[in-house]
Asker: 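One structure coming up, written as structure tokens, with questions to follow.
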Amino acid sequence: MSTIDTRCVQAGYTPGNGEPRQIPIVQSTTFKYATSEDMGKLFDLEASGYFYTRLQNPTNDYVAAKLAALEGGTAAMLTSSGQAANFFAIFNICNAGDHIVASSSIYGGTFNLISVTLAKMGISSTFVSPDATDEELDAAFTPNTRAMFGETIANPALTVLDIERFAAAAHRHGVPLIIDNTFPTPVNCRPIEWGADIVTHSTTKYMDGHGVAVGGAIIDAGRFDWMAHADKYPGLCTPDDSYHGITYAEKFGKEGAFITKCTSQLMRDLGCIQSPQHAFYLNLGLESLHVRMPRHCENGLAVASFLKEHPAVKAVSFPHLPGDRYHDLAMKYMPQGGCGVVSFELKGGRAAAETFMKHLKMAAIETHVADARTCCLNPATSTHRQMTEEQLAAAGIPAGLVRISCGLEGAEDLIADIAQALEAVSL
Ligand SMILES: *Cc1c(COP(=O)(O)O)cnc(C)c1O
């Protein structure tokens with residue numbers, strides 16, 4: 001099964017004779033066994049099978065297997081949200097006293113997770129610019145660094161990460177690179193092919209794509225040699241007393257250790273499982289992901305090109321727009337397109353942004369991106385409302401900034417809606 005298109009449709013689930021054609025929703029918390037010995041083997045990870053949906057459920061496993069196939073990984077798991085995916089991916093290999101290096105250009109929720117919540121748990125961090133030189137990247141690592149983190153296309157800054165260079169830096173320091181690949185999806189970029197070790201997703205975005213189910217996923221490339229860095233990863237390389245003395249890296253190898261530990265330890269103890277019903281919705285989204293992504297990208301480019309020429313617009317960010325700061329990196333990592341999110345700054349600042357948004361007829365005001373329906377947001381009057389003009393400027397979020405997530409509507413209708421709303425601004 002070679003093409004990404006075929007994998008979107010077919011991977012992960014192959015029914016046997018007379019079995020359901022579509023992935024069955026196994027709406028059951030628990031699974032039945034004839035003897036305690038049978039069940040004991042599952043608890044000891046001696047046999048594989050299901051016993052409780054917090055740990056594993058067949059519906060989730062079919063969809064996780066599809067995601068592993070899409071990203072080119074060896075194992076994958078679903079989580080209840082993108083936040084849970086990033087938390088688990090980091091916490092699976094970091095303990096109190098450890099340190100991570102992260103790109104400063106990442107989703108706000110992930111920035112808070114790393115800089116506030118993980119810090120409370122004793123995991124410290126150093127943020128680096130996505131544009132940092134190799135020397136600056138090297139300088140961010142300390143002897144207790146355990147992972148490096150970044151986003152392929154950052155939400156909302158729309159910077160593009162030089163994944164190869166970040167992977168090389170991580171590997172020079174003997175740690176894995178974790179990439180949040182939410183915005184381009186594996187249809188447009190597969191970070192594992194560029195050296196990433198772990199890939200995460202907020203499946204809430206394009207993968208679902210219809211605004212119906214919050215969810216997340218973690219995919220392991222199966223390449224990082226934990227045993228070669230056993231001193232750094234005791235959780236994977238020494239016996240787990242909470243799991244019958246299993247040493248994950250020995251028993252499950254490079255291909256399976258990370259996800260098995262993440263499931264049998266973190267999911268067991270923290271319980272951020274995706275419901276089988278949500279996994280089913282996610283799979284419906286995945287079945288058309290390869291058809292939807294090109295249209296989102298096409299609409300994004302059309303809107304970005306229109307905005308760039310408009311007199312009321314001060315600046316436009318869209319990595320695939322010729323002349324964008326990140327155009328070269330975008331073409332290297334995502335020659336077919338990145339995503340449909342465009343951000344732009346209005347010359348008239350906050351007041352202009354408010355007028356513009358008020359006059360939109362089709363594009364809805366929402367705290368969401370990557371939906372089939374176009375939506376937009378002015379951070380200064382919504383998500384970043386508590387900030388002063390000075391704080392907004394320091395955070396690189398001008399008051400007149402609008403983020404628009406281009407949906408699957410006709411480009412000419414989208415542009416017409418934006419054009420009439422901009423007319424109100426220009427008056
Ligand atoms: C939305 C988002 C998240 C958080 O995902 P949720 O599913 O909302 O928890 C993480 N990373 C990126 C890049 C996102 O866009």
Side-chain angles (χ1 to χ4, degrees), residues 60 63-64 67 71 77-91 100 102-118 127 130 147 149-161 163 166 177-189 191 196 198-219 266 270-275 278-279 281-282 285-286 289 293 296 300 317 319 326 333-334 338-343 366-371 375-377 379 382-384 397 403-407:
N60 292 30
V63 182
L67 292 176
E71 287 287 6
M77 65 194 282
L78 304 185
T79 58
S80 54
S81 67
Q83 285 301 111
N86 283 325
F87 172 51
F88 276 25
I90 294 168
F91 200 55
I100 67 171
S103 165
S104 57
S105 186
I106 52 175
Y107 178 66
T110 313
F111 184 83
N112 286 333
L113 166 68
I114 293 173
S115 64
V116 180
T117 300
L118 288 177
F127 288 96
F149 182 92
E151 289 176 15
T152 314
I153 301 179
N155 176 11
L158 303 181
T159 55
V160 177
L161 199 77
I163 301 173
F166 269 61
L177 175 65
I178 304 172
I179 292 287
D180 181 331
N181 195 36
T182 296
F183 265 21
T185 82
V187 167
N188 285 331
C189 181
I198 309 289
V199 174
T200 59
H201 280 280
S202 165
T203 62
T204 317
K205 311 294 166 55
Y206 289 112
M207 284 188 169
D208 162 8
H210 300 79
V212 296
V214 172
I218 308 172
I219 299 107
L266 298 189
L270 301 168
C272 311
I273 194 69
Q274 185 167 132
S275 79
H278 276 197
Y281 294 139
L282 169 56
L286 292 173
L289 186 66
M293 285 312 289
H296 281 293
S317 288
Y326 291 96
Y333 290 104
M334 297 161 273
C339 65
V341 183
V342 181
S343 67
E366 286 171 30
T367 319
H368 189 40
V369 287
D371 192 349
C375 53
C376 66
L377 188 79
S382 56
T383 49
H384 295 67
I397 304 166
R403 181 188 70 186
I404 181 155
S405 168
C406 299

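Residue indices begin at 1 and follow the sequence shown. Atoms within each ligand, like the ligands themselves, are counted from 1 in listed order.
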Asker: Write 'none' if nothing qualifies; otherwise put on separate lines each N/O atom of ligand 1 with a protein N/O atom under 3.5 Å away and their distance to 0.1 Å.
Answerer:
| unit_1 | atom_1 | unit_2 | atom_2 | d |
| --- | --- | --- | --- | --- |
| ligand 1 | 5 (O) | S202 | OG | 3.0 |
| ligand 1 | 7 (O) | G82 | N | 2.9 |
| ligand 1 | 7 (O) | S202 | OG | 2.8 |
| ligand 1 | 7 (O) | T204 | OG1 | 2.6 |
| ligand 1 | 9 (O) | G82 | N | 3.1 |
| ligand 1 | 9 (O) | Q83 | N | 2.9 |
| ligand 1 | 11 (N) | D180 | OD2 | 2.7 |
| ligand 1 | 15 (O) | N155 | ND2 | 2.8 |
| ligand 1 | 15 (O) | K205 | NZ | 2.7 |

Asker: What residues form a salt bridge (Lys or Arg N to Asp or Glu O under 4.0 Å) with D371, not counting sequence neighbours?
Answerer: R373
Asker: Looking only at non-hydrogen atoms, find the nearest pair between I163 and Y333 and report the distance.
Answerer: N-OH, 3.2 Å
Asker: Please examine the side chains of F127 and I106, heavy atoms only from C-beta on, and report whether any two atoms are closer than 4.5 Å.
Answerer: yes
Asker: May I have all residue pairs that pass side chain to side chain donor-acceptor pair (under 3.5 Å) and include part of residues 200-209, sequence neighbours excluded?
Answerer: E71-H201, N86-T200, S202-T204
Asker: Filter on side chain to side chain donor-acceptor pair (under 3.5 Å), then keep only pairs touching residues 150-159, sequence neighbours left out; what's left?
Answerer: S105-T159, T152-N181, N155-R403
Asker: What are the two closest heavy atoms between P184 and M334, and how far apart are they?
Answerer: CB-SD, 3.8 Å
